[in-house]
Amino acid sequence: MKLSRLVGQRIKEAPRDAQTASHIFLMRGGYVRPVSTGIYSLLPLGKRIVTKIERIIREEMNRIDGQEVLMPVVLPQELWDESGRSESVGPELLRFQDRNGKPMLLGMTHEEAVVHLTRTEVTSYKQLPCMLYQLQTKYRDEARPRAGLIRVREFTMKDGYSFHTSQECLEQYYRRCHEAYVRIFERVGLANCISIESDSGMMGGAVSHEFMAIAECGEDTIFMSPDGQYKANRDVAVSKPVYVKEPPLPLEKVHTPGRKTIEEVASFLGVEPSRTGKAVFYVDPQGNVVFVMIRGDIEVNEAKLRKHLQAPELKFANDDQIRAVGAEPGYASILNVDASKVRVVVDVSAAESSNLVVGANEPDYHFKNFNFSRDAKGGEVTDIAAVREGDPCPVTGAPLRMLRGIEVGNIFQLGTKYTVAMNCNYLDQNGKSQPMIMGCYGIGVGRTMAAVVEQSHDQYGPVWPMSIAPFTVHLCALNVGDANVRREADTLYQALLDRGVEILFDDRSEKAGFMFNDADLIGAPLRLIVSPKTVAAGQVEFKTRDGKRKEMVNRDSVVEFVMDLLRTMR
RNA sequence: CGGGGCGUAGCGCAGCCUGGUCAGCGCGACUGGUUUGGGACCAGUAGGUCGCGAGUUCAAAUCUCGCCGCCCCGACCA
């Protein structure tokens, strides 16, 4: 490919709305262009990268017996009525009608479609297990697309679905798929990608993992012990805090005029916030108030609370709703609150700590020496604490580190949620009909490309790994007006093309600096430079994009030199 | 959906407060010439319903109202 022919302008200045490295460089390098919020076109450079990522994914999926299929983007809503998801999924599902008024939707994931396929094609235990996957466009009407390709509305996803006759078989396959994912992310060059356990429990003991590319701009927060033994998404992370345990002292009412916040009360009484208990009030979608108590210095993790309550959405209660359950805003506690009248959820931190300062449920008064087991009238004790950086790891006790990550893939043991709802059954050895047991496995392709840039770039542009680079060799001809340079560069270009090398030849009559900057934005791992100086010396200059190597190579051996490198740098 | 910011040439911006030589600058593109090792120089050219719509006014990019789009933070996210 000659750079003079390549469609996709490199631009000198970053678009104003691009903030993250991947967004800036994918725009500046001419890899992608926005069409609408969260909707992008891929230019030739971007498409080449995506194609390479997809090839790696295909190889690894095929290696674990996956079979590639292609299901429609446009699906009839009736299929989603069967699974119940047209009810349960909100506005992120884009719905519309066809010309006959038939309700249709754009697939955001393809469980229904794959079950539709499998329930007729696969009917016997002899055909199981099997795994189908596709690389297909997904559409999600995201509330807030952001950071270029990190969070978009339309995107290509590899989604795979496995079907099994037993939980054991699913788990075994799940482990194989996990290994395949590790290989995929290694091969695409994500140096720092970890799998973390996510959300187990809500869906009846279902297990799932998220693959997180560590990056500052990531949307997910991960807690990890220094040795990596423990790692978890913030939504499910737990820590092992130390609770102050001492003999219970008698309750003592104290005057705390105008002191409403934990900071005010703690400093007024001269105690640490960790020796207080605070009350937080939520309202569930049915309008029920939930009375939450947690140690004063710890925040409530709303995701954990929602899961515990099985409530899809929670809002903070207002003062009237708080008073209605017998508490006084600013001075609230579960002391004297009847847990049979209002739902009381107590975090372990508050239940296990001794002699806490808590509200008196009347203005301007608190109590000292609250002890849950002695003073509370019931309440569900569970872990709803938000983990903080530095909290002790639940496994090792070492201070937890907080990291940000981009979720590039996830795998999930779905079970029979869809197969039961949609009658996806097989006949077992006894001729009995059984629902298939299902797993699903996703990878965001464009997001993976963006994550690689986040992890592999310098101030000038992306440093693509050999495995997914749009071109492996970038040839610059400095001063192509010079007939010798022109001839030598043309010859070298043709020789490498003939060897099947993916080479980009900058044949433009530009200044050196201009060409080098474009080359940096394109990020090919290997660079060759032909100039009047190198021609005179009978050599070609060689550099790697990562700056680790730079040397002069004899003109006659440069083709073999490059071929050797391409073989070893795979 | 809540909070904040922004819409002027392909990109980055100035002009708006104080209405009137106000359709401008830099980059990019095109033509010609000089250049050629880290985003060169000279001369010239093309490119804009100043986001859209109402209103105020002799006069609106500029003031008022409404709408739309985009970005950031939060909420939400199979």
Side-chain angles (χ1 to χ4, degrees), chain A residues 8-20 23-24 27-28 30 33-39 80 83-93 105-114 138-148 150-153 155 157 159 161 198-199 202-203 206 208 210 217 219-220 233 235 285 302-303 306 311-316 407 410-412 414 417-418 438 440-442 444 459-461 476-482 485-486 506 508-521 527 529-535 541 543 547 550 552:
Chain A
Q9 288 288 322
R10 267 80 47 212
I11 47 184
K12 194 167 176 178
E13 290 167 290
R16 180 183 34 182
D17 49 24
Q19 320 252 320
T20 60
H23 193 185
I24 289 169
M27 283 297 297
R28 285 194 51 206
R33 289 292 180 252
V35 176
S36 180
T37 303
I39 299 180
W80 284 52
S83 70
R85 280 210 297 186
S86 50
E87 279 278 305
S88 62
V89 177
E92 65 268 26
L93 177 62
L105 52 86
L106 289 187
M108 48 194 289
T109 172
H110 279 74
E111 281 80 6
E112 286 83 359
V114 77
K138 300 281 184 282
Y139 187 88
R140 293 180 195 179
D141 217 356
E142 289 286 351
R144 188 157 100 75
R146 59 176 290 272
I150 303 287
R151 184 166 207 79
V152 290
R153 293 195 292 181
F155 57 102
M157 183 184 204
D159 49 325
Y161 308 89
S198 63
D199 203 334
M202 178 105 169
M203 318 266 303
S208 75
E210 292 168 340
C217 71
E219 310 182 274
D220 292 88
N233 195 309
D235 291 348
E302 231 181 272
R306 271 199 309 273
E313 198 187 346
L314 292 173
K315 285 182 176 155
F316 285 116
E407 187 186 345
N410 66 14
I411 56 178
F412 200 96
L414 264 180
K417 177 178 170 178
Y418 293 91
M438 218 176 143
C440 67
Y441 318 92
Q459 61 175 303
Y460 303 107
C476 293
L478 302 190
N479 200 349
V480 278
D482 182 320
V485 169
R486 178 90 227 183
D506 191 343
R508 302 169 303 171
S509 177
E510 294 288 353
K511 301 270 289 183
F514 193 90
M515 295 175 112
F516 292 157
N517 277 300
D518 271 0
D520 288 341
L521 277 173
R527 186 176 307 174
I529 302 158
V530 174
S531 72
K533 263 189 274 177
T534 66
V535 171
E541 184 175 336
K543 279 167 115 168
K550 179 178 174 174
M552 301 301 289

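This is a predicted model, so every value here is computed, not measured. Residue numbering restarts at 1 for every chain, and letters A, B, ... go by the order of the sequence lines. All values below come from the heavy atoms of this structure, side chains included, with hydrogens, waters and symmetry mates left out.
An OP1 or OP2 oxygen of B:G37 is reached within less than 4.0 angstrom by no side-chain nitrogen or oxygen of A:S531. Within the 4.0 Å cut-off from OP1 or OP2 of B:G69, not a single side-chain nitrogen or oxygen of A:S36 is found.
In this structure, A:N517 places its CG atom 13 Å from C1' of B:A40, rounding to the nearest Å. Between the CZ atom of A:R508 and the P atom of B:G28 there is a distance of 12 Å, given to the nearest Å. For A:R16 and B:G26, the CZ to P distance is 20 Å, given to the nearest whole Å. The separation between A:D506 atom CG and B:G37 atom C1' is 13 Å, rounded to whole Å. Remark: C1' of B:A75 and CG of A:D141 are 16 Å apart, rounded to the nearest angstrom. As rounded to whole Å, 17 Å separates atom P of B:C11 from atom CD1 of A:I24. Nucleotide B:A78 holds its P atom 12 Å from the CG atom of A:L414, rounded to whole Å. A:L521 has its CG atom 12 Å from the C1' atom of B:G38, to the nearest Å.
Nucleotide B:G20 forms a Watson-Crick or G-U wobble pair with B:C58, both donor-acceptor distances falling under 3.5 Å. Summarising the base pairing, B:G39 is matched to no nucleotide, lacking a Watson-Crick or G-U wobble pair whose two defining distances lie under 3.5 Å. The pairing partner recorded for B:A29 is B:U45, the criterion being a Watson-Crick or G-U wobble arrangement whose two distances lie under 3.5 angstrom. Under the Watson-Crick and G-U wobble criteria, each requiring two contacts below 3.5 Å, nucleotide B:A75 is left unpaired. Under the Watson-Crick or G-U wobble criterion, with both distances below 3.5 Å, B:G7 is paired with B:C68.
Among the nucleotides B:G74, B:G38, B:G39, the one closest to any side-chain atom of A:R144 is B:G74. Side-chain proximity of A:E541 to B:A78, B:G39, B:G37: nearest is B:G37. Ranking B:C70, B:G37, B:A78 by closeness to the A:T37 side chain, first place goes to B:C70. When the nucleotides B:C11, B:A78, B:G37 are ranked by their closest atom to the side chain of A:E13, B:C11 comes out on top. Here B:C73 is the nucleotide among B:A78, B:G39, B:C73 with the atom lying nearest to any side-chain atom of A:R146. The side chain of A:K12 approaches B:C27 more closely than any other nucleotide in the set B:C11, B:C70, B:C27.
As rounded to the nearest Å, B:G12 and B:G7 have P atoms that lie 11 Å from one another. For B:C6 and B:A78, the P atoms lie 34 Å apart once the distance is rounded to whole Å. For the P atom pair drawn from B:U31 and B:G39, the interatomic distance equals 24 Å after rounding to whole Å. Taking atom P in both B:G3 and B:C41, one finds a spacing of 48 Å when rounded to whole Å. Distance check on atom C1': B:C1 versus B:G26 gives 40 Å, rounded to whole Å. As rounded to the nearest Å, B:A14 and B:G5 have P atoms that lie 16 Å from one another. Atom name C1', nucleotides B:C71 and B:G32: the rounded distance is 42 Å, in whole Å. Taking atom C1' in both B:U62 and B:C16, one finds a spacing of 4 Å when rounded to whole Å.
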When you look at A:T109 and A:Y161, which way does the side chain to side chain contact (heavy atoms under 4.5 Å, CB included) test go after all the steps?
CA-CA 11 Å; A:T109 172; A:Y161 308 89; 3.6 Å; yes

Take A:R527 and A:D520 through the side chain to side chain contact (heavy atoms under 4.5 Å, CB included) test and state the conclusion after the steps.
CA-CA 10 Å; A:R527 186 176 307 174; A:D520 288 341; 2.6 Å; yes

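Judged purely by atom type and a 3.5 angstrom limit, A:R144 has no side-chain atom pairing as donor or acceptor with the backbone of A:E142. A:R28 contributes a side-chain N or O that, together with a main-chain N or O of A:I11, makes up a donor-acceptor pair within less than 3.5 Å.
A salt bridge links A:E111 to A:R85: at least one charged side-chain nitrogen sits closer than 4.0 Å to a carboxylate oxygen.
With hydrogens and angles ignored, a donor-acceptor pair under 3.5 angstrom links the side chain of A:R28 to the base of B:G39.
The line from CD of A:E541 to SG of A:C476 is 9.5 Å long, rounded to the nearest 0.5 Å.
Taking A:E92 as the reference, A:V89, A:M108 meet the side-chain contact (heavy atoms from CB on, under 4.5 Å) condition, with sequence neighbours excluded. Annotation: side-chain contact (heavy atoms from CB on, under 4.5 Å) contacts of A:A477 (sequence neighbours excluded): A:V480, A:V485, A:A489, A:F505.
Closest non-hydrogen pair, A:Q19 versus A:I24, comes out as O-CD1, 3.8 Å. The minimum heavy-atom distance linking A:P91 with A:D141 is given by the pair O-CB, 3.6 Å.
Of the two residues near RNA chain B, A:F516 and A:R140, the one whose nearest nucleotide lies more 5' is A:F516. Residue-to-nucleotide proximity on RNA chain B shows that, of A:M157 and A:Y460, the 5′-proximal contact is made by A:Y460.
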Could you list all N or O pairs between the protein and nucleotides 29-36 of chain B that sit under 3.5 Å apart?
unit_1, atom_1, unit_2, atom_2, d
B:U36, O2, A:E510, O, 3.0

